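Below you'll find the structure, written out as structure tokens, and then a few comments.
Keep in mind it's a predicted model, so treat the numbers as computed, not measured. Order of the sequence lines fixes the chain letters, A, B, ..., with proteins taken first and strands second; residue numbering starts at 1 for each chain.
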Amino acid sequence: MLTAGQKKLLVELRSSLAEAVPEGQISESDYATKGYHLELRLDKGGVRRVAQIMLDKRFMLETVTAADFIDSFELVYLYSTYNQQQVRLLTRIRIPKDVQPFSVSAIFPAAIWLEREVYDFFGIRFQEHPDLKRIINPDDADYFPLLKNFGKTKFTDQIDDILC
Amino acid sequence: MLNIKTIDDATINQRVYQLNLGPQHPSTHGVMHLLLTLDGEVVVKIEPIIGYSHRGHEKMAENRIYEQYLPNPARMDYLSGMIFNHGYCMAVEKLCGIEVPRRAEYIRVITSELNRIASHFIGTMDYAMGLGAITPFLWGWDDRENILDLLEMISGSRLTYSYGRFGGVRNDITKEFYDGTRKFIERLRSRFWDYENLINQNVIFIKRSKDVGVITKEDALLYGVTGPTLRGSGVKYDVRKHEPYSVYPEFKFEIPTRKEGDCLARYQVRMAELEQSLNIIEQALDHLPPGPVRAKVPRFVTPPEGDCYVTFESARGAAGFYIVSDGTRVPYRIKVRAPSFSNLFVLTKICPGHFLADIVAIFGSIDVTVPEIDR
């Protein structure tokens with residue numbers, strides 16, 4: 001159950017997000033099954049405007065990640081609070097594979113490494129990133145391991161059938 | 001390819017030079033490379049270079065079913081494997097909507113907290129060893145050995161546990177484990193005074209860690225620092241309290257914090273947390289409910305389409321699993337939030353201006369696990 005403080009913060013957050021990114025779709029999600037309170041879907045840009053709002057509200061950038069949906073990428077930003085009013089916001093943005101999103105590292109330095117990791121594994125290039133290079137994989141690697149077509153064998157699609 | 005340069009006069013006259021700390025260095029707690037730019041003995045810039053123990057745990061998840069991934073989380077943070085195992089089980093249970101029996105939740109809390117103590121022993125005593133005190137390390141190892149024996153008794157492994165199952169734990173605890181844990185709590189309580197005596201009043205230890213590597217609250221927020229490292233900076237944030245999971249709301253425990261934000265504060269927070277973990281274990285043993293330890297779940301779980309994020313307090317901070325499911329038995333994407341990853345990055349902010357010898361202290365006080373950073 002949400003406490004009064006959480007509800008207040010959620011209402012505040014919704015209104016300031018609606019003001020900053022009017023094009024985004026905000027929806028409340030079920031914390032018990034999802035693990036986050038608010039979900040914000042963006043179509044094109046606006047990640048930096050969201051990050052600025054979150055910093056003003058004293059949220060921390062928990063993680064930045066992505067998922068490869070064959071024809072597009074989904075970038076996910078998780079923001080969470082440090083204080084008693086625990087609220088988590090998940091920002092999703094679907095981007096075509098050739099689009100270069102903007103980096104939020106000027107607002108949250110934590111993103112410098114998190115975005116480098118996303119670049120390292122998915123090949124998503126962030127614009128205005130101060131130091132975009134490989135972080136975990138070798139510097140001279142010519143592959144992006146978490147793309148769905150990497151490391152695919154003839155068994156990949158049959159794992160389910162083989163096991164049962 | 002080796003890129004060897006001959007030293008010319010210009011390089012010799014240059015004030016600033018680079019030094020490699022690691023990848024094989026006793027104070028880097030694993031295979032970690034710190035590229036330091038020094039001016040004399042003062043650090044101007046530090047660049048941690050990671051990835052030496054990357055095993056592709058996130059990619060592995062996409063090639064196996066949820067059950068087959070059970071042994072993996074414990075191999076990410078091998079020092080608090082039980083907690084990661086617990087976290088992964090919680091994430092899949094949340095995705096599938098599986099209810100866990102209360103006894104299983106209690107057992108998970110007991111084992112997680114035991115594991116946290118074992119991990120903090122490494123965090124604190126290894127740090128002391130980095131500063132030149134070898135005896136505490138051996139004492140801590142001795143106490144930690146007891147925990148490993150206890151956990152081996154019920155899970156069969158000493159470090160990389162896969163004791164948790166979806167909907168509970170693998171097997172019930174034995175009377176031997178119950179009595180052994182009670183005995184261990186008693187023993188450890190009697191030894192706190194020894195640790196206090198051995199380290200806390202040591203002049204060298206205090207001089208090398210007080211006012212060294214101060215992380216401010218603002219930096220902690222900007223860099224996403226969590227865990228004891230954050231609590232050493234005076235932020236009272238613990239996932240177990242602020243976003244309670246499992247049966248943690250049923251136990252009374254404090255969140256130790258220190259205001260200073262230096263290495264000593266982080267060390268003190270960890271030592272204080274040992275006592276709190278003991279309190280939790282004791283309460284859990286006192287009120288251990290009867291009943292089954294495993295819910296009835298299908299042999300293979302098939303979560304519905306969707307995603308979920310689960311966060312939990314590992315020994316190093318707020319860790320998390322973000323799972324995307326496409327409705328099959330194979331995960332579509334698993335992302336692990338590694339607390340050490342964010343905690344390590346703050347080094348680039350706090351280290352410049354310190355002496356080279358202080359880097360060893362700062363790095364030790366943050367207590368990172370390298371395989372967790374690299375995954």
[X] versus chain A, the contacting section by heavy-atom distance below 4.5 Å:
X	answer
B/R299	neither
B/E67	neither
B/T311	side chain
B/V235	side chain
B/K349	neither
B/P48	both

Pick whichever of [options] has the most heavy-atom pairs under 4.5 Å with chain B.
options	answer
A/W113, A/F150, A/Y36, A/F59	A/W113
A/L61, A/L78, A/D120, A/D140	A/L78
A/Q86, A/M60, A/R134	A/Q86

- Choice from B/D326, B/L230, B/T348, B/V310 maximising heavy atom contacts with chain A below 4.5 Å: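 Between B/D326, B/L230, B/T348, B/V310, the count favours B/L230.
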- Message: Shorter than 4.5 Å, heavy atoms on both sides: which option in B/E58, B/K236, B/H242 has the most such pairs with chain A?
- Response: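 Most pairs with chain A among the choices: B/H242.
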If I measure from the heavy atoms of chain B, does [X] come under 4.5 Å with its side chain, its backbone, both, or neither?
X	answer
A/S29	neither
A/F121	side chain
A/V118	neither

So how far is it from [X] [atom1] to [Y] [atom2], rounded to the nearest 0.5 Å?
X	Y	atom1	atom2	answer
A/I135	B/F345	CD1	CZ	8.0 Å
A/K34	B/Y309	NZ	OH	15.5 Å
B/D307	A/L90	CG	CG	6.0 Å

- Salt-bridge contact A/E74-B/K335 (side-chain N to carboxylate O under 4.0 Å):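 Here A/E74 does not pair with B/K335 in a salt bridge, since their nearest N and O are not under 4.0 Å apart.
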- Message: Using a 6.0 Å distance limit plus a 45 degree cone around the ring axis, check whether B/K94 lies over the aromatic ring of A/Y31.
- Response: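 Yes, B/K94 and A/Y31 form such a contact.
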- Message: ring-ring contact (aromatic ring centres under 6.0 Å, His included) for A/F69 and B/Y332? Distances and angles first, verdict last.
- Response: CA-CA 9 Å; A/F69 286 98; B/Y332 193 79; 5.1 Å; yes
- Message: When you compare the side chains of A/T65 and B/R337, does any donor N or O come within less than 3.5 Å of an acceptor on the partner?
- Response: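 Absent: no donor and acceptor within the cut-off.
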- Query: After noting the C-alpha distance and the side-chain angles of B/L221 and A/L55, does the key distance pass the side-chain contact (heavy atoms from CB on, under 4.5 Å) rule?
  - Reply: CA-CA 9 Å; B/L221 180 99; A/L55 183 62; 4.0 Å; yes
- Message: Quick check on the 6.0 Å ring-centre criterion: do A/Y82 and B/Y237 meet it?
- Response: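 They qualify: ring centres under 6.0 Å apart.
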- Query: Step by step, would you call B/R375 with A/E117 a side-chain contact (heavy atoms from CB on, under 4.5 Å)?
  - Reply: CA-CA 11 Å; B/R375 274 157 290 152; A/E117 195 191 324; 3.2 Å; yes
- Item | Enclosure of A/K97 NZ (heavy-atom neighbours >12, cutoff 6.0 Å) |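 Yes, the 6.0 Å shell around NZ holds more than 12 heavy atoms from other groups.
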